[in-house]
Amino acid sequence: MPTNIHSDKILILDFGSQYTQLIARRVREIGVYCEIWAWDHDPADITRYAPKGVILSGGPESVTETGSPRVPDAVFDRGVPVFGICYGMQAMAAQLGGRVEGGHAREFGYAAVELTGSCRLFDALDDQDGTARQAPDAPSQRATPPLDATPAPTDTRRVLDVWMSHGDRVTAVPAGFSAVASTASVAVVAMADEARHYYGVQFHPEVTHTTRGSEILRRFVVDICGCATLWTPARIIEDAIARVRAKVGQDRVLLGLSGGVDSSVVAALLEKAIGTQLTCVFVDTGLLRLGEGDQVMATMAEHMGVHVIRVNAAERFFAALAGIEDPEAKRKIIGRLFVEVFDEESHKLEGVKWLAQGTIYPDVIESAGAKTGKAHVIKSHHNVGGLPERMHLKLVEPLRELFKDEVRRIGVELGLPRAMVYRHPFPGPGLGVRVLGAIRPEYVALLQQADHLFIQALHKHDLYDRVSQAFAVFLPVKSVGVVGDGRAYEWVIALRAVETVDFMTARWARLPYEFLEEVSLCIINELNGISRVVYDISGKPPATIEWE
């Protein structure tokens, strides 16, 4: 029997923070399974779930307002460690007898936090690798002193670099708690009740800007909650294989193969789990990257031994998308057609009862606010937003609980080529959401070639692996240009490249100007129909990574 990788688990209650999914990702990186639930989830489920610890996320509400979210009593009744982050700390303080006040100036961004008391989250934190540092002197004191000056006494305060985001603040800790950290403007930045193993911090340990955030989370999850680190790639694969076999039995499974990372990992996983029971259907929508259809067939069929049926459906997709400009409508049409084609192919095969998909956790989060239902829908994903109410096939989604970085790690563990697993993400609807507005075959053809030239140049200049995602976008606007001695009035291509760790937030990549100039000239000179190239310098947020 495989190890029960869900036995030691953490529950994360979501109060609406933009960083809630990052908390989950950090806990998973430590090697511990966790789930995200809404703060008002049925309290009885908390008891049944039996977590070894609970993390309370941040959120945009104010604890001081009537009707604001509260921590369920079931959390405190469990007798397990509790860790409140930002709003979670404030809610815990207010409900356990402390005091929270609003009306203060917001504190957002970098802050230096002084560790002022003993706490298992922070003790000796500065002694382990020197990341925590001495508090800096004032700028005037940092100047080089005279040679005969008496050395100033060393400041031995323990200080951590953290990322703040709050308006309200705890002004009195509950009985049993001690204030263990502060800033120059906030007296209680962290609090601890060691007897009950309750902790709260006003900063975000889950973001990379907090220098020792991962260690703080590890201390809570492993040292304080006592969770074993069972959530590893090898064990995830072992568990997924066992679940798939138990679920589908001897039935045949049809996988919609896109050639992207997620569906490729699903194909490798299912081939390992059920072998010849798996049939892959690769739908060539006409919305793939240049030459990708042939590449997918060669990689999956020739090198992995997976049975793949290719369906050339470009004309069908272009006909269904004709005149459709709304991004959500395009995504849902593409999703519906995917499922229709799969369903049609399944009727040609005996014993097929299951449709496998490469749905991953961020798909679910962005489409429906994860399991919480609290987040706003940003965009629908073809795997979760376009399924018809009545399907002939049951769904099997072995990656549904995994983040993208977890999918990549298990792909490598399964033996997939690293170049395939670590290629830049490609949206399920393909170029259908990179051609803005209505889709036409001639627009897609231009975009395929422009995107190919951009990616080729990134590889040539050793920049591909230095950015997290890069692609071209077709803009349905015309711009005046000069080609040779004549006036041109042609289309515009936008280039997009971002740097990110988690794909929840991202910054635009600072590619060299000389490189961008080279790519721009290459696209305009080689592609008849493009007169201008622009570069997208928007971050996420406020923009999304994809344009649609």
Side-chain angles (χ1 to χ4, degrees), residues 255-267 280-297 299-300 308 310-342 357-360 362-363 366-367 378-387 404 407 420 423-455 469-476 493-496 498 503 544-548:
L255 168 63
L257 185 65
S258 70
V261 174
D262 303 332
S263 66
S264 296
V265 172
V266 171
C280 294
V281 172
F282 170 54
V283 180
D284 190 343
T285 64
L287 302 172
L288 302 174
R289 287 169 284 204
L290 189 67
E292 190 165 26
D294 294 338
Q295 182 185 7
V296 168
M297 293 300 295
T299 301
M300 302 305 294
V308 183
R310 182 172 184 171
V311 180
N312 294 310
E315 291 185 5
R316 183 170 174 179
F317 275 81
F318 283 127
L321 291 165
I324 304 298
E325 297 185 356
D326 180 70
E328 281 292 286
K330 290 197 292 184
R331 285 177 175 271
K332 291 185 177 181
I333 288 170
I334 293 168
R336 174 178 55 78
L337 284 180
F338 261 103
V339 176
E340 284 182 5
V341 173
F342 296 153
Q357 291 193 151
T359 307
I360 64 173
D363 295 341
E366 290 199 336
S367 293
I378 299 170
K379 58 186 176 183
S380 293
H381 287 259
H382 77 288
N383 284 344
V384 293
L387 299 179
K404 176 71 77 172
V407 173
M420 172 193 286
R423 71 188 300 191
H424 291 175
F426 188 64
L431 300 182
V433 291
R434 291 181 180 172
V435 171
L436 302 195
I439 297 172
R440 295 181 182 178
E442 60 269 28
Y443 295 171
V444 173
L446 280 172
L447 179 57
Q448 286 174 327
Q449 295 175 73
D451 186 78
H452 179 66
L453 292 173
F454 184 29
I455 299 303
Q469 188 171 2
F471 54 90
V473 180
F474 180 89
L475 306 185
I493 288 289
L495 304 180
R496 176 78 155 143
V498 298
F503 290 89
T544 55
I545 293 178
E546 297 288 344
W547 278 48
E548 288 192 340

Should L321 and L287 count as side-chain neighbours, where that means a heavy-atom distance under 4.5 Å? yes
Shortest non-hydrogen pair, V308 vs M297, comes out as CG1-SD, 3.6 Å
dist E546:CD -> R496:CZ (nearest 0.5 Å) comes out at 9.0 Å
CD1 of I455 to CZ of R289, rounded to nearest 0.5 Å, is 7.5 Å
Closest non-hydrogen contact found for I324 with A329 is CG2-CB, 3.8 Å
Across all chains, not counting sequence neighbours, the side chain to side chain donor-acceptor pair (under 3.5 Å) partners of Q449 are none
- Task: Check the pair Q357, V266 against side chain to side chain contact (heavy atoms under 4.5 Å, CB included), reporting the backbone distance first and the verdict last.
- Result: CA-CA 7 Å; Q357 291 193 151; V266 171; over 6 Å; no
### Message
Please check if the number of heavy atoms outside R316 that lie under 6.0 Å from its CZ is greater than 12.
### Response
yes
Q. Where do V281 and L255 land on the side chain to side chain contact (heavy atoms under 4.5 Å, CB included) test, with the steps shown first?
A. CA-CA 6 Å; V281 172; L255 168 63; over 6 Å; no
Smallest heavy-atom separation, K330 atom then V435 atom, equals NZ-O, 2.8 Å
- Does some side-chain heavy atom of V473 sit less than 4.5 Å from a side-chain heavy atom of I493? no
Minimal heavy-atom distance between A472 and A450, with the atoms involved, is CB-C, 4.3 Å
- Stepwise side chain to side chain contact (heavy atoms under 4.5 Å, CB included) test for V433 and I334: CA-CA 10 Å; V433 291; I334 293 168; 5.5 Å; no
> Mind checking whether F474 and Y443 have parallel, tilted or perpendicular rings, split at 30° and 60°?
Replying inline: parallel
ask   = Salt bridge or not for E325 and R440, using N-O below 4.0 Å?
value = no
To the nearest 0.5 Å, atom CD of E548 lies from atom CZ of R331 at 8.0 Å
Interatomic distance, CG@L447 vs NE2@H452, rounded to 0.5 Å, equals 13.0 Å
Taking the side chain as every heavy atom from C-beta outward, state whether F317 and I439 have any atom pair closer than 4.5 Å.
-> no
task = Decide yes or no for K332 and R336: does some side-chain heavy atom of the first lie under 4.5 Å from some side-chain heavy atom of the second?
result = no
If you look only at distance, which donor and acceptor atoms sit under 3.5 Å apart when one is on a side chain in residues 424-432 and the other is two or more places apart or in another chain?
residue : atom : partner : partner atom : Å
H424    : ND1  : A470    : N            : 3.1
H424    : NE2  : Y464    : O            : 2.9
H424    : NE2  : V467    : O            : 3.2

Under 4.5 Å between any side-chain heavy atoms of D262 and K404, yes or no?
yes
On a heavy-atom basis, the closest approach of F282 and L257 is CD1-O, 3.0 Å
Should M420 and V261 count as side-chain neighbours, where that means a heavy-atom distance under 4.5 Å?
-> no
The salt bridge (Lys or Arg N to Asp or Glu O under 4.0 Å) partners of D284 (sequence neighbours excluded) come to R310
Do R434 and F471 form a cation-pi contact, if we require the NZ or CZ to be under 6.0 Å from the six-membered ring centre and within 45 degrees of the ring's axis?
yes
Heavy-atom nearest pair, G256 first then S263, reads O-CB, 3.8 Å
One should read off an interatomic distance between T285 OG1 and E315 CD, to the nearest 0.5 angstrom, of 13.0 Å
